[in-house]
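Positions are given from 1, in the same order as the sequence printed here.
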Amino acid sequence: MGGSKSKAIKKHAKVAFSDSELEILEVYFELLKCHDSINGYLTQKSMVPEFTENPDFSIKLFNWMRERCKNQQIDYINFVITLELLLKEQQEYYLSDYKFRVLEKFELFALISLGCLENEKEAINRFQVSYSQGSTVIKELLNMYYFNKEVSNSQRNDLAARSVANSIFDQKASLPFNQFIGLAKQQLIYANKMCKQYFTKKFIDPHLKYGIPALTSSSFILNDQILALLQMSSPDFNRIKQLDLKFSSSVGYDDLEHITEIIIESQQPLLFIFRNREDETQNDTFQQSIFGAYISIDQTIETHFIRKQQKDPMGILYNPNDQVSLYFGDEKSFLFSLLPKYQLFMSTFDIKSKQCFGYINSRAFNLKVPQPYGLGFGGDGKGNFRIWIDENLKGNATNRINNQCDQTYEMGYLLEPHIEFLNLTSIEIWGAVFEEKETRPSNQNKFRS
């Protein structure tokens, strides 16, 4: 049974870890030594078997930890000291180097991933991050979701990481470290939380649960990295347990009829994903773009006229003579682009917001209102949509992106600035299933058989 080394630490100094956590860390340290050690100290090979999802990162983590040790060797005491930085909050630090106390978890993770061994804040902020290095940081961040699973060759799709890097670097060859971190956190608002969870699950609490939504069917567009990006960017998407495929098409003339049925009948949030090809004569990755919308649906607050009518055909809870609204969704909705750049545009909350989250109108509604037939997202409520897809989806020149007018979502280019008209090649719609809250098992020794 472990504990003697932990008692030695607590005898001479305060530590941020509880007795049970120290016991787990001591057992974990012995496990790492079993993988490989020299005279009781860890080596580069010690951590690799425990980081199957990020083997390169494990070596960089060893180098970073060793650099923090006064004798350049990782024994149990130094192991605990460096883990305090990765696992505990700033106000809890007792043993760690004060120079790193102001750094957040994602900053520490990025320093390790970059192989930056600088010790002074000024030197760290001056450290130049290249586009290639930045892509690696994002890739290793996304790999956290595989957790102890080897990433197969078929899963080694770095497209998502490059999409984020394209947005961060914006054609620049390199950025100072602090600027890179700031831009990355704007895109991935849960990066800090994810890093804390990753290290906690890795070293302390194997029962901690996190993961990307499971897909009920294969997708031509979505992959694990894209799901990880969306989950790391949105509070609502962060709670999704499963995505249920509702619709998948290579774009046909009657698609809007099926899409309309899905929207009107849906009792759950919907994820819309569109693939667009700028030039249909070229099958080049750089000619293609992927964008979409996540529309949150609150069943207790209905705004779309037909959805309200179906729930209340007698007109008891609403007045059939009210002004017809063909918009649906709520303020948790957002728009996003995945290729060539990853960007996310949340709904606005100011008094000027029109709350035109999603729009659907079909001839089947038989409504005598002067409003267009088609699918739309965002806009000003006056027929000017951020994304407009006409009722005749295929090859219709009225399918378009409007980057100049949106009083519902944050402004910005969903696609490249010169793209105005859409040539959609595929559409997918997924229904979101949220995870039910459950009681997590108590913290047990992760290596107990």
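Other residues, nucleotides and ligands place more than 12 heavy atoms under 6.0 Å from the CD atom of Q73. Heavy atoms of other residues, nucleotides or ligands lying less than 6.0 angstrom from NZ of K185 number more than 12. No more than 12 heavy atoms of other residues, nucleotides or ligands shown are found within 6.0 angstrom of CZ on F220.
K60 and E140 are joined by a salt bridge, as a carboxylate oxygen and a charged side-chain nitrogen come within less than 4.0 angstrom of each other. Using a 4.0 Å cut-off between a side-chain N of Lys or Arg and a carboxylate O of Asp or Glu, E21 and K88 qualify as a salt bridge. With respect to the salt-bridge test (charged N to carboxylate O, under 4.0 angstrom), the residues K196 and E104 do not qualify. A salt bridge links D406 to R386: one of the charged nitrogens lies within less than 4.0 Å of a carboxylate oxygen.
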Test side chain to side chain donor-acceptor pair (under 3.5 Å) on S167 and Q187 and set out the steps. CA-CA 9 Å; S167 180; Q187 296 288 342; 2.9 Å; yes
Would you check, one step at a time, whether the test side chain to side chain donor-acceptor pair (under 3.5 Å) holds for S18 with S20? CA-CA 5 Å; S18 66; S20 60; 3.2 Å; yes
Between N166 and Y131, does the side chain to side chain donor-acceptor pair (under 3.5 Å) criterion hold? Intermediate values first, please. CA-CA 8 Å; N166 289 343; Y131 174 89; 2.7 Å; yes
Pair T43-D36, side chain to side chain donor-acceptor pair (under 3.5 Å): steps then yes or no: CA-CA 6 Å; T43 72; D36 195 68; 2.4 Å; yes
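The side chain to side chain donor-acceptor pair (under 3.5 Å) pairs that include a residue from residues 328-344 are D170-K341, S233-Y342, S296-D330, where partners are two or more places apart or lie in different chains.
The salt bridge (charged side-chain N to carboxylate O under 4.0 Å, His left out) check on R239 picks up D236, with sequence neighbours excluded. Not counting sequence neighbours, the partners of R307 by the salt bridge (charged side-chain N to carboxylate O under 4.0 Å, His left out) test are E302.
Stacking of R68 on the aromatic ring of W64 is recorded, both the 6.0 Å distance cut-off and the 45° axial limit being met.
Taking the six-membered ring for Trp and the full ring otherwise, the centers of Y198 and Y145 sit at least 6.0 Å from each other. Between F334 and Y409, the ring centre distance reaches or exceeds 6.0 Å. Between Y359 and F385, the ring centre distance stays below 6.0 Å.
Two residues are said to be in side-chain contact when any heavy atoms from C-beta on lie closer than 4.5 Å; Y294 and F272 fail this criterion. In this structure the side chain of L111 reaches within 4.5 angstrom of the side chain of F177, judged on heavy atoms. In this structure, L61 and L86 have side chains that are in contact, with non-hydrogen atoms separated by less than 4.5 Å. Side-chain contact between S426 and I221: present, with at least one pair of heavy atoms (C-beta onward) separated by less than 4.5 Å. Using a 4.5 Å cut-off on side-chain heavy atoms (C-beta onward), I263 and T260 make no contact. Side-chain atoms of Q128 and P176, non-hydrogen and from C-beta on, do get closer than 4.5 Å to each other. Looking at L243 and L227, their side chains come closer than 4.5 Å, going by heavy atoms from C-beta outward. With a 4.5 Å cut-off on side-chain heavy atoms, Y190 and P235 count as touching.
Between the K202 side chain and the E50 main chain, a donor and an acceptor come within less than 3.5 Å of each other. Between the side chain of T348 and the backbone N or O of E410 there is no donor-acceptor pair closer than 3.5 Å.
Defined by atom type and a distance below 3.5 Å, a donor-acceptor pair is missing between the side-chain atoms of Q197 and K209.
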